[in-house]
Number of protein chains: 2
Amino acid sequence: MVDHHSRIKRSMIQVFGDAYHAFGLNRLMGHVVAALMFSPEPLSLDDICKQLGKSKGPISQITRRLADHNLIRRVWTPGSRKDYYEVHPDIFSNAFRYNFRLIRNNTKIAAQIRSDVETTRDEKLKTTQFRMVEMERFYQLMEKHYQNFIDEWSVERDRLYSQVTK
Amino acid sequence: MVDHHSRIKRSMIQVFGDAYHAFGLNRLMGHVVAALMFSPEPLSLDDICKQLGKSKGPISQITRRLADHNLIRRVWTPGSRKDYYEVHPDIFSNAFRYNFRLIRNNTKIAAQIRSDVETTRDEKLKTTQFRMVEMERFYQLMEKHYQNFIDEWSVERDRLYSQVTK
DNA sequence: ATGATTGTTTGGAAATTTTCAAACGAAACA
DNA sequence: TGTTTCGTTTGAAAATTTCCAAACAATCAT
């Protein structure tokens, strides 16, 4: 009989690593998240190291970064001196929020440059000005829909969780 | 009197580079886009090289990548053997579409793993299964709102352009 | 206090990415 | 056909990022 566990776990680690990499993040972040996603119980730093075949240095740094972004969290475990980690209950929306910040920054960039350009009153910068107006509106609208999404997700998520608990 | 042009151009190149980098993309992509955003007229490869102080190798590769993603486009110029580039009229939505593809991929990843887990009928994988269900729903909902945004933007954009031309 | 166990920090090695210079190829012109 | 002017490709250098091993710090147990 095939070992479902290790096969699926391997696949998850692989695929999450690729996905994180595609988003410009460290592959290892995806690997750690996948390992924690797969495990029903929290994992210690050593567990993660062993499962991923990496040493403690990078895993320690990556778990901190992930915890800083609220994608995973440290969980207190009685009767153990080790730190245990699990995926944050809001991992998906928290990852999204990080992206949201970047979008807001784009809006600010456009507004700033537009304002800069407009104070010069230079006719030659008209094209740039228009482009920045378009950029600003684009990201403002995007912010609006991002907010809609977050709001609707919080409702949807509650529904999903209430299905499970009842 | 200060040279508005070079000051604003420098600032744009800097800031766009940082923004692209924050999204996990090559800084140079942001630099090229900024240079083209700033210029009312299309720029040749040599123009871009000179403005950014880079050699032709990387600029040639970056412009191709940008053109592949439809962020910039080659524009035909009469009486010149050079290639000229300008920002794509739909640069913002095209950049967004690229991100959209990554999101769709996340939905597919979740669906795939969920399906894998479910065929094993292994009780120990219940936690993973539930997490994948949540992940799939999250990104499905996200796709919906992304689509809403794209649709509304195309209306908004038409309005913006009709304001300018009239 | 001392020793054992665990997480963090750090200096440098390894790997990856970025960049350039030069060779190359293609197209336009003479 | 030969020459010039482009853009692309390529091999290696430079820079950056990732990673490990070892030193270190902190905490708990004895």
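Every chain is numbered from 1 and lettered A, B, ... according to where its sequence line falls, protein lines coming before strand lines. Note that the coordinates shown come from a computational prediction; the quantities given were computed from them, not determined experimentally.
Straight-line distance from the CG atom of A/Leu28 to the P atom of C/dA15: 16 Å, rounded to whole Å. For the pair B/Tyr20 OH and C/dT17 P, the interatomic distance rounds to 20 Å; values are reported in whole Å. Nucleotide C/dT18 holds its P atom 10 Å from the CD atom of B/Gln61, rounded to whole Å. A/Lys56 places its NZ atom 12 Å from the C1' atom of C/dT9, with the value rounded to the nearest Å. Counting to the nearest Å, the P atom of C/dT6 and the NZ atom of A/Lys50 are 12 Å from each other. Distance B/Arg81 CZ to C/dA27 P: 11 Å, rounded to the nearest Å. Straight-line distance from the CG atom of A/Asn26 to the P atom of C/dA15: 16 Å, rounded to whole Å. The separation between B/Ile62 atom CD1 and C/dT17 atom C1' is 11 Å, rounded to whole Å.
A donor-acceptor pair under 3.5 Å links the side-chain atoms of B/Thr120 to the main chain of B/Val117, judged by distance alone. Between the side chain of B/Asn105 and the main chain of B/Leu102, no donor-acceptor pair closer than 3.5 Å is present. Panel note: side chain A/Ser39, backbone A/Pro42; no donor-acceptor pair is recorded below 3.5 Å. The main-chain N or O of A/Arg7 is never found under 3.5 Å from a side-chain atom of A/Ser11 such that the two would form a donor-acceptor pair. Using modelled atom types, one side-chain atom of B/Asp47 and one backbone atom of B/Ser44 make a donor-acceptor pair closer than 3.5 Å.
Relative orientation of the A/Phe96 and A/Phe149 rings is perpendicular, given thresholds of 30° and 60° on the angle between their planes.
Separation of atoms CZ (A/Phe138) and CD1 (A/Ile103) is listed at 8.0 Å; rounding is to 0.5 Å.
With the nearest nucleotide of DNA chain C identified for both B/Gly57 and A/Asp46, A/Asp46 has the one nearer the 5' end. Comparing B/Arg27 and B/Leu45 along DNA chain D, the residue whose closest nucleotide (by nearest heavy atom) sits nearer the 5' end is B/Leu45. Nearer the 5' end of DNA chain C, as judged by each residue's closest nucleotide, is the contact made by A/Arg64, out of A/His21 and A/Arg64.
B/Lys54 comes within 4.0 angstrom of sugar-phosphate atoms only, judged by non-hydrogen atoms across all strands, and of no base.
Each end of the helix from C/dA1-D/dT30 to C/dA30-D/dT1 gets its own axis, taken as the rotation carrying the C1' atoms of four end pairs onto the next four within a five-pair window, and the two axes meet at 10° to the nearest 10 degrees.
Contact check on B/Glu156 versus B/Arg159 returns a salt bridge, with a Lys/Arg side-chain nitrogen under 4.0 Å from an Asp/Glu carboxylate oxygen.
Here the side chain of A/Arg74 is nearest to one of C/dT19, C/dT9, C/dT8, namely C/dT8.
Where DNA chain D meets chain A (any atom under 4.0 Å from a heavy atom), the bounding nucleotides read 5' to 3' are D/dT18 to D/dC28.
Annotation: side chain of B/Asp122 is in contact with side chain of A/His5 (closest heavy-atom distance under 4.5 Å).
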